[in-house]
Amino acid sequence: MNEYVRRVEAGIQKQGFGRLMGFQVEEAEAGRVVISVEKRDDLLQQTGTLHGGVIGALCEAAAGYAALTQLPENQSLIGVEYKLNFLRAVTSDKCIAVGKVLKMGRQLVVVEVEAFNEGSDKIAAKMILTGMPAVTE
């Protein structure tokens with residue numbers, strides 16, 4: 001396990017919400033993270049597709065953890081703003097989010113996230129998140 005995966009997994013374990021959702025680290029490297037969530041009955045809409053709130057939370061987490069790979073050990077990312085577009089339903093057994101840091105500034109960080117149905121290269125959701133580094137205790 002590389003150091004980036006270790007940091008992201010530790011971050012998910014510290015975050016009750018990430019554990020509740022069941023977020024899993026697929027890959028992690030400097031400035032890029034891939035995390036996923038398994039489809040569960042309690043995460044679905046009435047139509048049987050993954051709820052948009054779950055997709056949004058997964059994308060936000062991917063953004064934060066992508067930034068975490070480039071921040072000092074005592075810092076994390078606090079979201080300031082994000083925009084999320086849903087392009088297609090998530091109907092597969094797993095949703096995968098890929099977060100990539102676009103700009104790593106001292107005061108602002110910009111991260112792009114694309115979410116996919118497992119096994120598909122068609123984007124299901126696209127997020128742009130702006131955040132600020134913050135010291136954690």
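Below, all heavy atoms of this structure are taken into account, side chains as well, without hydrogens, waters or symmetry copies.
One distance of note links CZ of Arg88 with OG of Ser120; it measures 6.5 Å at 0.5 Å rounding.
With a 4.5 Å cut-off on side-chain heavy atoms, His51 and Leu43 do not count as touching. The shortest distance between side-chain heavy atoms of Lys14 and Arg19 does not fall below 4.5 Å. Within the 4.5 Å cutoff, the side chain of Leu71 has heavy atoms near those of the Met104 side chain.
Checked against salt bridge (charged side-chain N to carboxylate O under 4.0 Å, His left out), Asp42 has the following partners two or more places apart in sequence or in another chain: Arg40. Listed by chain and number, the residues in a side chain to side chain donor-acceptor pair (under 3.5 Å) with Arg32 are Glu27 (sequence neighbours excluded).
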Query raised in the report: Taking it one step at a time, do Phe116 and Val98 satisfy side-chain contact (heavy atoms from CB on, under 4.5 Å)?
Result: CA-CA 8 Å; Phe116 302 88; Val98 180; 4.1 Å; yes
Report task. Would you please test Val34 and Ile96 for side-chain contact (heavy atoms from CB on, under 4.5 Å) and show each step? Result -> CA-CA 7 Å; Val34 180; Ile96 299 168; 3.5 Å; yes
Query raised in the report: Should Arg6 and Glu9 be marked as a salt bridge (charged side-chain N to carboxylate O under 4.0 Å, His left out) after you check the CA-CA gap, both sets of side-chain angles, and the distance that decides it?
Result: CA-CA 5 Å; Arg6 184 203 63 76; Glu9 284 182 350; over 6 Å; no
Could you pull out every donor-acceptor pair under 3.5 Å between side chains of residues 74-87 and any protein atom, sequence neighbours left out?
{"from": "Lys83", "atom 1": "NZ", "to": "Asn85", "atom 2": "OD1", "distance (Å)": "2.9"}

When the side chains of residues 53-70 are checked against the rest of the protein, which donor-acceptor pairs come out under 3.5 Å, sequence neighbours left out?
{"from": "Tyr65", "atom 1": "OH", "to": "Gly11", "atom 2": "O", "distance (Å)": "3.2"}
{"from": "Tyr65", "atom 1": "OH", "to": "Ile12", "atom 2": "N", "distance (Å)": "3.3"}
{"from": "Thr69", "atom 1": "OG1", "to": "Glu29", "atom 2": "O", "distance (Å)": "3.4"}
{"from": "Thr69", "atom 1": "OG1", "to": "Gly31", "atom 2": "N", "distance (Å)": "2.7"}
{"from": "Thr69", "atom 1": "OG1", "to": "Ala66", "atom 2": "O", "distance (Å)": "2.6"}

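Here the closest heavy-atom approach between residue Glu118 and residue Ser92 is recorded as N-OG, 2.9 Å. Scanning both residues, Ala89 and Thr49, for their nearest heavy atoms gives CB-CG2, 3.9 Å.
Under a hydrophobic clustering in which Ile, Leu, Val, Met, Phe, Trp and Tyr are joined whenever their side-chain heavy atoms come within less than 4.5 Å, directly or via other members, Leu20 and Val37 fall into the same cluster. By the rule that hydrophobic residues join a cluster once side-chain heavy atoms approach within less than 4.5 Å of another member, Leu129 and Met132 end up as members of separate clusters. Met127 and Phe23 end up in the same hydrophobic cluster when Ile, Leu, Val, Met, Phe, Trp and Tyr side chains are linked at under 4.5 Å.
In this structure, Gln15 contributes its side chain and Gly18 its backbone to a donor-acceptor pair below 3.5 Å. In this structure a side-chain-to-backbone donor-acceptor pair under 3.5 Å is present from Asn117 to Thr91.
Among residues at least two apart or in separate chains, side-chain hydrogen bond (donor to acceptor under 3.5 Å, both in side chains) pairs with a member in residues 99-112 are Glu112-Lys126.
Lys94 has a carboxylate O that lies under 4.0 Å from a charged side-chain N of Glu26, or vice versa, which qualifies the two as a salt bridge.
Hydrophobic cluster membership of Leu102, counting Ile, Leu, Val, Met, Phe, Trp and Tyr whose side-chain heavy atoms lie under 4.5 Å apart directly or via other members: Val110, Ile128.
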